[in-house]
Asker: 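Sharing a structure here in structure tokens format.
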Amino acid sequence: MSDSDTQVPGSSQAAAAVSEKELFFTDETETRAMFGIEDRYLKTIKGVFGVSLVARHDGVKIRGEARAVARAEKAFLELRRLYSSARPITLRDVETVAEAIQNEGAFDEKGERIEIFAQQVYVRPKTAGQAEYVQAMRKNDLVFSIGPAGTGKTYLAVAMAVSALKRREARRLILVRPAVEAGEKLGFLPGDIQAKVNPYLRPLYDALHDMMEYGQLRRYMESDIIEVVPLAYMRGRTLNDSIIILDEAQNCTANQMKMFLTRLGMRSRSIVTGDVSQIDLPPGERSGLREAEKILKDIPGIGFVYLSKRDIVRHHLVQRIVEAYEKYEERDTTPR
């Protein structure tokens, strides 16, 4: 791999403000993993932190403003930690790590890791808000997580539940979603009612597939250790020794939310997630999540965690999209 300088021509920084740091990798294989195809990962880190990067066959030199250099170095160290866990590094990993460090000013390498079924793979909070969320789930029997898309509300909840199953802290995992139409009509979808609601439950299956092998997940679902169900199927049930996750709770009606919350049985815990900026209920219908927030916020044992655009760990464009919509909606609701 030949040396290449990614510094932008014409960039000017005061000499006193410029810092340099050189990192060395174990071998050429690790170096390629850190840089990505056609130095794509380097370009991502350079773009996020605004630093100059000089790629070498055995490492990288970082140059720029001192704080930016420190953050870029921290990103490389976190990527090396991922690489050392025998996990292939993806562009999404690089974007997630870089954006988390840039947003928070530091990446919590020693943050609480969540043990899942995948061997030598752990789920970790990527931002301060996510770390607060994990702590709330550890301390409370009922937690509400409210925030925009991409903040890890569902993923971290599923990780905590899967971890509890592995450690035998719970006997069952129940994943619940309301099947609310977002501009489309369920009746036009082919198949029976199960086939019609299955697409609404797909995000929960996706999270489970990340944390368990296919065969194991299938056995757990066939034996009802893990159950993924529409919210309407929860009426009349009492769930003991379980972790129950209600996803997309902003689309529950007030009555549905009350019904769901009263399903909680002995030695059970519940996590409710939702994004109040994306309510798909019919006009005039009260969101059960908004109502529960007002009614339950002062009850001991119930935790409320509010995630923001600073906690978004998807593609870096997601944060900008959320910001753009917020600004548009503020203008649109301003009295004229």
Side-chain angles (χ1 to χ4, degrees), residues 85-88 113-124 133-134 137-138 141-143 145 152-182 184 186-249 251-252 256-257 259-274:
S85 68
R87 172 186 158 183
R113 62 186 188 180
I114 304 169
E115 186 178 7
I116 57 176
F117 282 98
Q119 291 296 319
Q120 296 183 328
V121 177
Y122 300 91
V123 174
R124 298 169 183 260
Y133 180 25
V134 171
M137 288 188 284
R138 294 194 192 281
D141 287 339
L142 173 58
V143 173
S145 175
K153 302 183 300 295
T154 303
Y155 198 84
L156 287 173
V158 173
M160 288 290 289
V162 167
S163 181
L165 276 185
K166 182 174 183 179
R167 298 196 308 271
R168 301 182 185 276
E169 294 175 359
R171 293 169 52 195
R172 300 186 66 198
L173 167 55
I174 316 295
L175 302 166
V176 185
R177 253 192 172 212
V180 174
E181 301 165 3
E184 299 129 324
L186 278 171
F188 288 102
L189 294 174
D192 58 17
I193 185 61
Q194 191 64 43
K196 291 176 188 291
V197 300
N198 205 46
Y200 291 88
L201 307 176
R202 178 50 52 186
L204 300 173
Y205 288 114
D206 290 342
L208 287 169
H209 280 298
D210 272 2
M211 299 172 200
M212 303 177 69
E213 294 181 356
Y214 174 78
Q216 183 183 34
L217 176 57
R218 183 174 179 178
R219 290 193 301 273
Y220 274 34
M221 295 190 72
E222 287 175 350
S223 59
D224 280 339
I225 294 174
I226 294 180
E227 190 177 353
V228 184
V229 295
L231 177 60
Y233 291 12
M234 292 293 289
R235 189 172 297 279
R237 302 180 67 178
T238 299
L239 300 168
N240 298 319
D241 301 298
S242 302
I243 294 184
I244 312 122
I245 298 173
L246 173 58
D247 193 37
E248 297 289 339
N251 288 327
C252 296
Q256 286 175 328
M257 178 62 76
M259 178 272 290
F260 172 81
L261 294 176
T262 54
R263 302 306 94 204
L264 198 62
M266 300 298 293
R267 299 171 301 281
S268 289
R269 289 182 283 160
S270 186
I271 305 160
V272 178
T273 73

Asker: Does any part of the side chain of M259, heavy atoms only, come nearer than 4.5 Å to the side chain of L231, both counted from C-beta?
Answerer: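 Yes; the side chains approach each other to less than 4.5 Å.
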Asker: What closest approach, in Å, do I116 and A159 show between heavy atoms, and which atom pair accounts for it?
Answerer: CG2-O, 4.2 Å
Asker: Atom CD1 of I174 and atom CG of L204: how far apart are they, to the nearest 0.5 Å?
Answerer: 12.0 Å
Asker: Where is the tightest heavy-atom contact between P178 and L246, given as atom of each residue plus distance?
Answerer: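 Here P178 and L246 meet closest at CD-CD1, 4.2 Å.
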Asker: Please check if the side chain of Y133 supplies one atom and the backbone of K153 the other of a donor-acceptor pair under 3.5 Å.
Answerer: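 Yes, the answer is positive, given that a donor and an acceptor are paired below the 3.5 Å cut-off.
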Asker: Can you name the closest pair of heavy atoms from S268 and D241 and give their distance?
Answerer: OG-N, 3.1 Å
Asker: Would you check if D210 and V123 make a side-chain contact, meaning some heavy-atom pair closer than 4.5 Å?
Answerer: no
Asker: Look only at the side chain of S242 and the backbone of N240, and say whether a donor-acceptor pair between them is shorter than 3.5 Å.
Answerer: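 Yes; at least one donor-acceptor contact below 3.5 Å.
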Asker: Are E227 and Y233 packed together at the side-chain level, in the sense that at least one heavy-atom pair is separated by less than 4.5 angstrom?
Answerer: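 Side chain of E227 against side chain of Y233, heavy atoms only: no contact under 4.5 Å found.
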Asker: What heavy-atom pair brings R269 and M137 nearest, and what distance separates the two atoms?
Answerer: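 Here R269 and M137 meet closest at NH1-O, 3.5 Å.
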Asker: If you round to the nearest 0.5 Å, how far is OH of Y155 from CG of L208?
Answerer: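 Here the interatomic distance stands at 10.0 Å.
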Asker: Please name the pair of heavy atoms, one in M160 and one in I243, separated by the smallest distance, quoted to 0.1 Å.
Answerer: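 Looks like O-CD1, 4.5 Å.
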Asker: Is there a side chain to side chain contact (heavy atoms under 4.5 Å, CB included) between M212 and I226 once you walk through the steps?
Answerer: CA-CA 12 Å; M212 303 177 69; I226 294 180; 3.7 Å; yes
Asker: If I take atom CG from residue L165 and atom CE from residue M211, how far apart are they, to the nearest 0.5 angstrom?
Answerer: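 Going from CG on L165 over to CE on M211, the span is 12.0 Å.
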Asker: Does R177 offer a backbone N or O that forms a donor-acceptor pair with the side chain of D247 under 3.5 Å?
Answerer: no
Asker: Please check if atom CZ in R237 has more than 12 non-hydrogen atoms from other residues, nucleotides or ligands closer than 6.0 Å.
Answerer: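 Enclosed: over 12 neighbouring heavy atoms sit under 6.0 Å from CZ of R237.
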Asker: Rounded to the nearest 0.5 Å, what separation is found between the CG atom of L173 and the CG atom of D224?
Answerer: 11.5 Å
Asker: Between R167 and E115, is there a salt bridge with N-O shorter than 4.0 Å?
Answerer: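 Looking at E115 and R167, the cut-off is not met.
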Asker: Please report the C-alpha distance between I114 and R138 in whole Å, then the side-chain angles of each, then the deciding distance to 0.1 Å, and finally whether the side chain to side chain contact (heavy atoms under 4.5 Å, CB included) criterion is met.
Answerer: CA-CA 11 Å; I114 304 169; R138 294 194 192 281; 4.3 Å; yes
Asker: Have a look at Y205 and tell me which of V228, V158, L175 forms a side-chain contact (heavy atoms from CB on, under 4.5 Å) with it.
Answerer: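 Of all the options given, the one that passes is V228.
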Asker: What are the two closest non-hydrogen atoms of L264 and D141, and how far apart are they?
Answerer: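 L264 and D141 have their closest heavy atoms at CD2-O, 4.5 Å.
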Asker: Could you measure the distance from the CG atom of N251 to the CE atom of M257? Nearest 0.5 Å is fine.
Answerer: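 Going from CG on N251 over to CE on M257, the span is 10.0 Å.
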Asker: As an exercise, state the distance from CD1 of I244 to CG of L142, rounded to the nearest 0.5 Å.
Answerer: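 Reported to 0.5 Å precision, the distance equals 9.5 Å.
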Asker: I'd like to know if the side chain of T273 and the backbone of T154 have a donor-acceptor N/O pair within less than 3.5 Å.
Answerer: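 Here the side-chain-to-backbone pair does not exist.
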